[in-house]
Amino acid sequence: MKTENTEPEVKRSLNFIESIVEEDLKNNKNNNVILTRFPPEPNGYLHIGHAKSICLNFGLAQRYNGKTNLRFDDTNPEKEEVEYVDSIMEDVRWLGFNWKGEAHYASDYFQQLYDWAVKIIKDGFAYVDDQSAEIISQQKGTPTQPGIESPHRNRSVEENLDLFTRMKNGEFKEGERVLRAKINMSSPNMHMRDPIMYRILKRNHHRTGNNWCIYPMYDYAHGQSDYIEGITHSICTLEFEVHRPLYEWFLDHVYTEGTIKPRQIEFARLNLSYTIMSKRKLLELVQNKIVNGWDDPRMPTISGMRRRGYTAAAIRQFADTIGVAKRDNVIDVALLEFNVREDLNKIAPRVMAVIDPLKIVITNYPENKEEIVTIENNPEDPSMGNREMPFSQAIFIEKDDFMEDAPKKFFRLTVGSEVRLKSAYIIKCEKVIKDSTGNITELHCTYDPDSRSGSGTEASQRKVKGTLHWVSAKHAIEAEVRLYDRLFNDEAPDGHKDKDYKDFINTDSLKVIKNCKLEPSLKNAAPESKYQFQRIGYFCVDKKDSKPGALVFNRTVPLKDSWTKIQNKE
RNA sequence: UGUCUGAUGGUGUAAUUGGCAACACGUCUGAUUCUGAAUCAGAAGAGUCUAGGUUCGAGACCUAGUCGGACAACCA
């Protein structure tokens with residue numbers, strides 16, 4: 001991945017994390033090593049919120065000449081699966097980042113974690129509790145009331161060691177014993193009230209199999225994993241702010257002088273309007289078949305956005321634009337879409353595609369004549385060259401591009417008016433053909449033979465107010481087009497106390513349109529290739545369902561549309 | 001009646017020894033256009049949660065409030 005420091009850098013203000021890093025560098029902290037980490041739990045697919053975190057962690061390291069570890073936080077065998085591990089690695093790579101060395105796993109450190117737990121017991125700072133989850137929870141107190149101490153809190157070190165060993169050896173059932181840190185049951189911080197370090201779980205772990213029947217809890221495992229790896233800056237989201245004293249407590253109990261001591265820094269997670277970001281709820285959408293899997297193009301997952309046609313560059317740019325801070329935020333999804341269009345505008349070849357076809361017969365054009373017109377692939381980038389497209393007597397245009405009783409501001413085709421067919425001729429609508437029920441079935445037009453684009457004639461230079469996309473009827477290929485819209489109708493589907501987010505699902509979030517008419521050059525369009533359907537939007541070939549001869553296109557994002565805006569005003 | 005934390009245009013993010021609030025998206029004009037896209041030019045929109053204080057000068061510092069968020073899983 002290219003870094004941003006090659007170009008004469010525009011002075012950019014630092015975010016608060018960069019300030020911390022620069023301060024550390026100035027003070028020669030950690031011998032100027034910068035090592036961050038991205039620590040997903042493999043219990044779901046990554047989403048745009050994770051993308052922010054990935055860009056932050058990897059971006060920070062790149063900027064300051066450091067590296068980033070990928071570490072799977074796989075301490076809960078109940079929920080974690082290899083499928084998720086694979087998808088996470090794919091998504092991080094696709095975003096354009098490379099982690100340092102091999103991927104790491106918290107489960108790689110189970111032995112070390114165990115040994116340290118034994119040390120902490122020996123030092124008198126951990127004990128085995130025999131009570132049930134319910135009792136322990138009751139004794140925990142509330143945020144405003146102190147907890148009470150477990151009757152087993154003051155067991156001897158020998159007894160604790162014995163019990164912990166037997167926990168490890170599988171002598172107890174799940175839930176019968178836990179290892180707890182001995183801190184302070186009346187701490188105003190709930191997390192310091194003798195938190196659980198280990199629980200018994202007789203489950204098969206996706207990596208360690210049945211080697212262990214005790215598993216460390218997040219608070220104990222995470223910080224120690226950071227420490228083992230020599231992470232300098234451990235960046236996480238705000239909800240872990242209250243965990244920081246515990247993070248530091250554990251660290252202090254295993255720390256060796258002279259080694260790197262990781263520092264936890266918290267930032268505000270991303271919220272996107274019209275979107276939910278909770279992994280649990282996304283899983284629910286998948287399981288209830290409200291969407292077609294984790295990579296459904298309507299999902300805010302990285303794989304969903306990829307399948308929809310978003311580019312990694314657009315997502316990186318988005319992450320950069322939204323910045324990093326500590327206050328809660330809701331980003332307008334329009335900003336994400338702006339970044340997607342901005343990138344696609346530069347790289348996507350233009351093509352002609354008619355989604356809702358209306359046939360036009362050009363009555364003064366010879367019936368069997370065919371011409372080839374030349375069209376630029378991308379006016380934003382001449383180096384993308386030109387292509388050729390057939391023109392003939394019968395063509396399709398978009399139904400929306402014709403109106404019988406048109407308002408004055410309608411620049412498209414109406415009876416008696418002229419319009420330019422992009423890169424071809426100027427035509428004039430003479431007659432509307434309707435069926436018995438009054439539906440328009442066809443238009444009869446005439447063309448101006450001297451108006452051909454690029455011919456240089458006076459007629460070709462004439463200004464007409466509208467330019468339409470079109471496709472030759474007999475040459476057109478057919479395809480299925482999937483029009484995706486936002487999944488939720490509400491700005492904050494998750495933000496209503498009395499209503500469930502599912503109440504806001506947009507039932508029109510997917511419209512499947514068959515038999516769309518596409519220009520013939522699209523015949524061999526490769527899976528995942530991206531196009532701008534001229535005047536409509538950006539589309540990409542679906543990587544799963546599209547087949548040669550039965551193409552399927554996903555709408556990535558529509559073009560900005562000031563016409564509907566004008567219409568809505570009137 | 002706790003701990004931690006935050007508060008700047010509609011939305012985000014800036015303002016680096018305190019020096020007249022900037023950028024992006026969005027919105028609105030207009031120009032241009034063989035994409036009603038893009039592009040270009042411009043405009044509106046906050047006086048920085050409140051009240052005091054320090055200072056020649058405060059979004060930044062101090063004090064006291066107000067409002068918001070997180071935390072009571074053998075989840076992460």
Side-chain angles (χ1 to χ4, degrees), chain A residues 12-15 19 22 39-41 43 73-76 78-80 106 129 132-133 136-138 140-147 174-180 187-193 196-201 214-215 217-219 221-222 236-245 266 268 273 279-280 321-332 334-339 341-342 345-346 350 352 375-376 379-380 409-412 419-424 426 453-454 460-469 532-537 558-566:
Chain A
R12 206 192 105 212
S13 50
L14 303 178
N15 64 48
S19 303
E22 292 205 357
E41 182 189 10
N43 68 343
D73 229 331
D74 56 350
T75 56
N76 185 359
E78 283 182 44
K79 298 199 281 185
E80 293 148 6
D129 199 339
S132 68
I136 289 176
S137 161
Q138 280 166 25
K140 202 124 198 180
T142 70
T144 51
Q145 289 171 315
E174 283 190 17
E176 269 185 358
R177 297 278 190 304
V178 288
L179 182 71
R180 292 231 255 167
S187 167
N189 182 339
M190 297 288 292
H191 296 280
M192 299 301 270
R193 321 242 261 229
I196 291 167
M197 294 171 67
Y198 272 93
R199 78 287 212 185
I200 298 170
L201 243 31
I214 55 170
Y215 290 90
M217 300 288 289
Y218 166 83
D219 284 299
H222 195 93
C236 62
T237 46
L238 244 31
E239 68 266 30
F240 293 103
E241 222 158 16
V242 276
H243 293 242
R244 196 184 335 127
E266 311 86 11
S273 62
K279 264 196 203 176
R280 203 201 86 229
T321 307
I322 59 176
V324 188
K326 296 190 75 163
R327 70 186 85 107
D328 293 322
N329 62 84
V330 182
I331 308 285
D332 192 340
L335 178 60
L336 212 209
E337 292 176 346
F338 167 81
N339 289 122
R341 288 194 192 100
E342 190 184 38
N345 180 43
K346 289 182 292 196
R350 273 58 171 168
M352 306 257 214
I375 312 182
E376 75 248 303
E380 302 289 323
K409 282 186 173 169
F410 187 75
F411 297 162
R412 284 110 98 142
V419 96
R420 158 75 65 186
L421 293 177
K422 169 84 182 165
S423 300
I426 293 173
S453 297
S460 74
Q461 319 271 21
R462 278 170 55 209
K463 300 288 176 200
V464 286
K465 30 179 199 181
T467 299
L468 307 186
H469 62 280
Q532 185 198 91
F533 286 3
Q534 200 117 105
R535 301 209 308 133
I536 301 176
L559 248 33
K560 272 226 271 185
D561 181 6
S562 51
W563 168 236
T564 48
K565 213 178 267 179
I566 292 168

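Below, chain A is the first sequence line, B the second, and so on; all start at residue 1. Remember, predicted model here, so these are calculated numbers, not experimental data. All heavy atoms count here, side chains included; hydrogens, waters and symmetry mates do not.
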Who does [N] pair with, Watson-Crick or G-U, both distances under 3.5 Å?
N	result
B:G36	none
B:C61	B:G53
B:G47	none
B:U3	B:A70

If I take atom [atom1] in residue [X] and atom [atom2] in nucleotide [N], what distance separates them, rounded to the nearest angstrom?
X	N	atom1	atom2	value
A:Asn345	B:A38	CG	C1'	5 Å
A:Leu468	B:G36	CG	P	8 Å
A:Leu421	B:U35	CG	C1'	13 Å
A:Arg350	B:U33	CZ	C1'	13 Å

With a 4.0 Å cut-off on heavy atoms, is [X] in touch with a base, just the backbone sugar-phosphate, or nothing at all?
X	answer
A:Val464	nothing
A:Thr142	base
A:Pro39	nothing
A:Gly466	nothing
A:Ala133	base
A:Ser273	nothing
A:Arg412	base

Subject >> Nearest-angstrom distance, P atom, B:U27 to B:A70 >> reply: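 That atom pair is separated by 31 Å.
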Original post:
Quantified in whole Å, what is the C1' atom distance between nucleotide B:A14 and nucleotide B:A38?
Top reply: 28 Å
Is [X] close enough to [N] that one of its side-chain N or O atoms is under 4.0 Å from OP1 or OP2 there?
X	N	answer
A:Lys560	B:A38	yes
A:Arg193	B:U3	no
A:Thr467	B:G36	no
A:Arg535	B:A37	no

Original post:
Picking from A:Leu179, A:Ile214, A:Val178, what satisfies side chain to side chain contact (heavy atoms under 4.5 Å, CB included) with A:Ile200?
Top reply: A:Ile214
Subject >> Quiz item: A:Gln532 side-chain donor-acceptor pair to B:U35 base, under 3.5 Å >> reply: yes
Original post:
In terms of side-chain geometry, is the basic nitrogen of A:Lys560 or A:Glu337 positioned less than 4.0 Å from the acidic oxygen of its partner?
Top reply: no
Subject >> 5'-most by nearest nucleotide on RNA chain B - A:Phe411 or A:Arg327 >> reply: A:Arg327
